> 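I have a structure I would like to understand better, so I am pasting it below and will then ask my questions one at a time.
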Amino acid sequence: MNSLSNQDIKRMVLVVDDEFVNREMLGFIIKRDYNVINAKNGKEALELIRKHKTILSLVLLDLLMPVMDGFAVLKELQNDQELNKIPVIVLTSEKSAEIESLRLGAVDFITKPYDMPEVILARVRRSIELSEGSKMIQNTSHDETTGLLSKDFFFQFCERYDKYYPDEKMDAVAFNINHLSLINEISGRSAGTEIIKKIADAIKVLLNRATGMACRFSDTFYLYMEHNDNCEEILRRFINEFNSLFKNSRTRLVCGVNPIVDKKVDIYRRFDRAMMACNSLKNNYHTNISFYDTELHKKELFEECLVADVDTSLVNKNFIVYYQPKYDISGSRPKLSSAEALIRWNHPEFGMVSPGTFIPLLEENGLVSKLDHFVWQEAASQVRKWRDAYNITVPVSVNLSRIDIYNPKLEENFMKLIEVNGLSTRDIMLEVTESAYTDNSDQIIQVVESLRSRGFFIEMDDFGSGYSSLNMLSELPIDALKLDMKFIKNIATNPKALHMVELMMEIAEFLKVSVVAEGVETEEQCRLLKDLKCKIIQGFYFSKPLPPEEFKLLIEKEAKARGSEAKEIEYVNC
Ligand code: C2E
Ligand code: MG
Ligand code: MG
């Protein structure tokens, strides 16, 4: 049987040039491999492109032509969702024209005169392959919402641009809209989309004045542009204009710049660096622009070391799980009710590294799942050991990272841990941070609901730091709210802070869930919380997080107290 393979099909290529000789020459070079059709100006070309859009593989486009020039053709194609998928190689000899056409969506150039037929053929072949390959991956070279490039194409273009202009100084710029989700939440998704479009349009205007290209994905924009000594001023003005438009105080446009990129570093990393500068602004509201500099470079190297050392540190037991007690203060004496497992990293080179440093880092590359699983295993086996030694069950809550929620085996893993250690689902409690609910409420609700139906107790961690609406809260499957410690901090000195906590207690009562106050450091705070009928307290007032061998002293003390309180319940849960 004789079947046609993909390679056997002679693809159609359109040659557009006003000069007969040029058309003939190009046709002559490629006609053995391609089915060539011709147009002598932009208008004719567009007619042919529209006619053959489903089978046309490539356009070779001259720029200077009568009736309608190549730029006009590129613009028409760029604004058409279907036609912008057809790759265009521009036929030119001028650098400035090349850059402009790259920005308008051309994928490559062929320089006149056509004296290197093999090179021309190779470029034609490569562009078609690239376009067919990426069509398979993502079906479009442009972001539909904004008309900017898609991320994959953007990186391809940047690389190609560098090949042509290796000595050009370039800046990698990243823009991020911090807390865009707030706008989606308050004013609806379309309002968020409108903002994305407005920023994209302004970026297009910016690029009309500078040489460069841009892409958009999610709430982030990347620009790769020729270095400009005034870039800080230009970008600052750009950002400020937008930030004056945002009505809520948290949403803002921020910008990270990796100036005069090091071209020995690959293109992805150049933008990781711009993004790193951008992320460094997260808790800094004094400025909206940051540059990748030696300090950030050092931080990058430090973080790289940490990421590289996770596996060996797990093997060498440099990770240790600490336990911080939670006390039930509702009765006449505070009773040990449960504990939270908190990871510690005693790094062989850097000493104690805070989870506040390494958890977000490991969350970025998924490694945190491995670590979390280690913590859960340790915690489950610890609950068992304590029960065996003291006949007291101290349930332990463990922290879940956002990405754990996506693990389809999450529930299965927890059930296994319970089974292997002979525990019940009530013995391991799960802490999920509030912002994870706001980021991806549907998925998280489903996963948490299912875990809860198994009997796991779910605590919403850092409550008050995210932006859950009351409406959303009432639908969430949770058993307890853990008040963010920043609310507790000032309750003894600031009546407003105390009032906030009072409001949160009312919310919890309305939702019929219990409350845990964390970060309680003083007797006064503890008393105020007791007056507000807050039942469970965690914080330095009772104890810092402790290694298991020290935590056991608290259990021994509890066991003694219970012994003297005549047959008290053995099992205290929140
Ligand atoms: P978190 O889950 O909200 O944990 C509470 C943090 O508050 C802990 O910080 C704890 O040591 C600290 N803390 C407790 N009481 C007080 C107090 O009275 N005053 C003050 N100032 N701080 C107090 P830590 O251990 O540094 O952990 C920071 C964050 O790192 C945790 O916040 C949690 O989000 C994350 N984390 C820690 N261990 C793990 C883990 O095993 N897995 C995951 N995914 N995240 C973890
Ligand atoms: Mg926690
Ligand atoms: Mg917390």
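Whatever order the structure lists ligands and atoms in, that order sets their numbers, starting from 1. None of these values were measured; they are calculated from a predicted model. Computation of the quantities below employed the complete heavy-atom set of this structure, encompassing side-chain atoms and omitting hydrogens, waters and symmetry-equivalent molecules. Sequence positions, counted from 1, serve as the residue numbers for this chain.
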> What protein heavy atom is closest to atom 11 (O) of ligand 1, reported as residue, atom name and distance in Å?
Pro545 CG, 3.4 Å
> How far is atom 19 (N) of ligand 1 from its nearest protein heavy atom, and which residue and atom is that?
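Residue, atom and distance for the closest contact: Glu521 OE2, 2.5 Å.
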> Could you find the nearest protein heavy atom to atom 1 (P) of ligand 1 and give me its residue, atom name and distance?
Asp461 OD2, 3.7 Å
> Measure from the Mg ion (ligand 2) to every N/O/S atom of Glu340 and report the name of the nearest one.
OE2
> Is Asn399 close to ligand 1, meaning an N/O of one under 3.5 Å from an N/O of the other?
yes
> Backbone or side chain, does any N or O of Ile359 fall under 3.5 Å from an N or O of ligand 1?
no
> Does Ser354, backbone or side chain, put an N or O under 3.5 Å from an N or O of ligand 1?
no
> Report yes or no: does Gln538 have a heavy atom closer than 4.0 Å to ligand 1?
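So Gln538 does not count as touching ligand 1.
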> Which of the atoms of ligand 1 are close to Pro355, meaning less than 4.0 Å from one of its heavy atoms?
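Every atom of ligand 1 under 4.0 Å from some heavy atom of Pro355: 24 (P), 25 (O), 26 (O), 27 (O), 30 (O), 37 (C).
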> Quick check on Arg344 - does any of its heavy atoms sit under 4.0 Å from an atom of ligand 1?
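Yes; Arg344 lies near enough to ligand 1 that a heavy-atom distance drops under 4.0 Å.
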> Is there a polar contact, in the sense of an N or O pair closer than 3.5 Å, between Glu363 and ligand 1?
no
> Scan the side chains in residues 296-305 for donor-acceptor partners under 3.5 Å anywhere in the protein, sequence neighbours excluded, and list what turns up.
| residue | atom | partner | partner atom | Å |
| --- | --- | --- | --- | --- |
| His297 | ND1 | Tyr292 | OH | 2.6 |
| Lys299 | NZ | Glu303 | OE2 | 3.3 |
| Glu300 | OE1 | Arg273 | NE | 3.0 |
| Glu300 | OE1 | Arg273 | NH2 | 3.4 |
| Glu300 | OE1 | Tyr292 | OH | 2.4 |
| Glu300 | OE2 | Arg273 | NE | 3.4 |
| Glu304 | OE2 | Arg269 | NH1 | 3.1 |
| Glu304 | OE2 | Arg269 | NH2 | 2.6 |

> Looking at Thr146 and Ala200, would you say the former's side chain and the latter's main chain have a donor-acceptor pair under 3.5 Å?
no
> Can you name the atoms of ligand 1, numbered from 1 with element, that are less than 4.0 Å from a heavy atom of Glu518?
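Here the atoms of ligand 1 in question are 3 (O), 4 (O), 5 (C).
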> Could you list which atoms of ligand 1 come closer than 4.0 Å to a heavy atom of Gly539?
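Near Gly539, the atoms of ligand 1 are 15 (N), 18 (O).
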> Does ligand 1 come near enough to Phe540 that some N or O of the ligand is less than 3.5 Å from an N or O of the residue?
yes
> Going by the atom numbers of ligand 1, which of them fall below 4.0 Å from some non-hydrogen atom of Val520?
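In order of number, 18 (O).
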> Mind checking whether Ile488 and Leu529 have side chains closer than 4.5 Å, heavy atoms only?
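Sidechains of Leu529 and Ile488: in contact.
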> Sorted by chain and residue number, which protein N/O/S atoms are under 2.8 Å from the Mg ion (ligand 3)?
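Metal shell, protein only: Asp461 OD1, Asp462 OD1, Glu518 OE2.
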> Compute the minimum heavy-atom distance from Lys544 to ligand 1 and say whether it is under 4.0 Å.
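Contact check Lys544 vs ligand 1: negative.
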